[in-house]
Amino acid sequence: MAQTYIFDLDGTLLDTLNDLAASVNYALRTHHMPEHSIDDVRHFVGNGVRMLMVRAVPDGEQNAQFEATFRTFREHYMAHSLDTTHPYQGIPELLAELKAQGKRLAVVSNKFYAATQELCHHFFPDTIEVAIGEHEAEGIRKKPAPDTVMEALRQLGVSKEGAVYVGDSEVDIATAHNSGLPCISVLWGFRSRRFLTEKGATTFAVAPSDILSL
């Protein structure tokens with residue numbers, strides 16, 4: 001069994017989809033652009049909030065209003081990221097059990113740093129030791145690059161030996177591979193088993209408690 005668990009955040013520990021979609025559509029509406037369905041936004045997430053908005057805004061970064069729309073999204077999301085967001089059923093219990101067993105726990109997300117910190121401090125103050133979002137430090141690339149995973153391991157003071165990565169998307173599979181870590185793909189998040197299998201997933205958790213035996 002692993003000694004260190006590096007978790008993705010959105011779609012893995014927290015169901016953030018409704019709040020993300022609300023902020024996306026608020027920004028689009030504010031700047032007179034067409035809105036998107038929840039299912040659209042589900043497929044837009046995974047590569048960080050800037051890419052989320054690139055996919056949501058017509059013509060992406062080529063749109064003259066893109067930067068203003070992105071700023072509106074960020075401001076709205078920071079004010080409303082806790083409106084409906086909640087841990088998936090069984091996640092608090094999983095983290096508490098891993099902590100009781102002496103495991104080391106961290107979160108690595110492509111969500112911007114401040115939001116990652118706020119959400120982890122709010123929902124998991126007693127279990128998640130290190131929370132790293134999209135990093136502004138020079139030279140630290142976002143997922144699927146291994147940089148933030150390596151930074152999390154450094155802050156935990158552990159090596160990657162005995163560590164496992166847990167996530168819900170194709171970006172997470174690639175991140176684990178690039179970091180040299182085994183990957184557990186969860187099936188309660190934003191992607192289907194079929195989709196994840198096509199992207200190379202081999203180990204699955206149907207429910208959070210499954211992680212205890214993988």
Side-chain angles (χ1 to χ4, degrees), residues 1-16 46 48 85-111 113 115-135 137 139-191 193 196-197 199-214:
M1 188 175 182
Q3 297 304 308
T4 303
Y5 290 79
I6 308 294
F7 290 94
D8 172 54
L9 188 60
D10 295 44
T12 301
L13 297 182
L14 295 178
D15 185 353
T16 57
T85 287
H86 59 277
Y88 288 101
Q89 185 174 1
I91 287 296
E93 294 81 1
L94 166 67
L95 297 181
E97 178 59 28
L98 290 173
K99 189 73 171 181
Q101 293 180 13
K103 310 303 182 183
R104 308 300 301 277
L105 309 178
V107 160
V108 168
S109 175
N110 274 346
K111 185 187 294 292
Y113 199 94
T116 301
Q117 292 273 311
E118 179 182 11
L119 290 168
C120 286
H121 289 162
H122 180 82
F123 288 108
F124 312 119
D126 300 321
T127 49
I128 296 298
E129 301 174 65
V130 170
I132 297 176
E134 186 173 353
H135 217 287
I140 297 183
R141 300 165 295 171
K142 68 179 183 179
K143 302 187 296 185
D147 301 32
T148 49
V149 172
M150 296 300 106
E151 177 64 14
L153 294 172
R154 186 193 69 78
Q155 290 189 27
L156 287 172
V158 301
S159 73
K160 68 179 183 180
E161 303 304 320
V164 65
Y165 187 96
V166 184
D168 75 302
S169 75
E170 68 279 14
V171 174
D172 295 314
I173 296 168
T175 301
H177 174 78
N178 293 337
S179 303
L181 300 183
C183 184
I184 299 172
S185 295
V186 307
L187 297 180
W188 54 81
F190 298 161
R191 303 289 190 265
R193 184 183 190 120
L196 292 171
T197 300
K199 297 300 181 180
T202 58
T203 303
F204 298 94
V206 177
S209 58
D210 293 344
I211 292 173
L212 295 171
S213 59
L214 292 173

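No hydrogens, no waters, no symmetry mates; every other heavy atom, side chains included, goes into these values.
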Given 3.5 Å as the limit, does a donor-acceptor pair link the side chain of [X] with the main chain of [Y], or not?
X: Asn178; Y: Pro146; answer: no
X: Asp168; Y: Phe190; answer: yes
X: Trp188; Y: Thr12; answer: yes
X: Lys103; Y: Tyr5; answer: no

State the [atom1]-[atom2] distance between [X] and [Y], to the nearest 0.5 angstrom.
X: Asp10; Y: Asp15; atom1: CG; atom2: CG; value: 9.0 Å
X: His86; Y: Leu14; atom1: NE2; atom2: CG; value: 9.0 Å
X: Thr148; Y: Asn110; atom1: OG1; atom2: CG; value: 6.5 Å
X: Ile173; Y: Thr203; atom1: CD1; atom2: OG1; value: 10.0 Å
X: Leu214; Y: Ser209; atom1: CG; atom2: OG; value: 9.5 Å
X: Gln117; Y: His121; atom1: CD; atom2: NE2; value: 4.5 Å

Which pair of non-hydrogen atoms, one from [X] and one from [Y], has the smallest distance, and what is that distance?
X: Leu212; Y: Glu97; answer: CD2-CG, 3.8 Å
X: Leu156; Y: Ala106; answer: CD1-CB, 3.9 Å
X: Pro182; Y: Ala163; answer: CD-O, 3.4 Å
X: Ile128; Y: Val130; answer: CG2-O, 3.3 Å
X: Leu153; Y: Ser159; answer: CD2-O, 4.1 Å
X: Arg193; Y: Phe204; answer: NH2-CD1, 3.5 Å

Given side-chain contact (heavy atoms from CB on, under 4.5 Å), test Thr85 with Phe123 step by step and report yes or no.
CA-CA 10 Å; Thr85 287; Phe123 288 108; 3.9 Å; yes
CA sep, side-chain torsions, deciding dist, call: Ile132, Thr116, side-chain contact (heavy atoms from CB on, under 4.5 Å):
CA-CA 7 Å; Ile132 297 176; Thr116 301; 6.0 Å; no
State, with a plain yes or no, whether a side-chain heavy atom of [X] is found less than 4.5 Å away from one of [Y].
X: Cys183; Y: His177; value: no
X: Gln3; Y: Glu161; value: no
X: Val149; Y: Leu181; value: yes
X: Ile184; Y: Phe7; value: no
X: Leu196; Y: Leu187; value: yes

Got a salt bridge between [X] and [Y], using NZ or NE/NH1/NH2 to carboxylate O under 4.0 Å?
X: Glu129; Y: Arg104; answer: yes
X: Asp147; Y: Arg141; answer: yes
X: Lys99; Y: Asp126; answer: no

Exercise: do Thr175 and Asp172 side chains pair donor with acceptor under 3.5 Å:
no
Any luck finding a side-chain donor-acceptor pair between Tyr165 and Lys160 under 3.5 Å?
no
Can you tell me if CD on Gln89 sees more than 12 non-hydrogen neighbours from other groups inside 6.0 Å?
no
Please lay out, stage by stage, how Ile211 and Val166 fare under the test side-chain contact (heavy atoms from CB on, under 4.5 Å).
CA-CA 9 Å; Ile211 292 173; Val166 184; 3.9 Å; yes
Are Ile6 and Val164 close enough, and set up right, to give a side-chain contact (heavy atoms from CB on, under 4.5 Å), and what steps lead you there?
CA-CA 6 Å; Ile6 308 294; Val164 65; over 6 Å; no
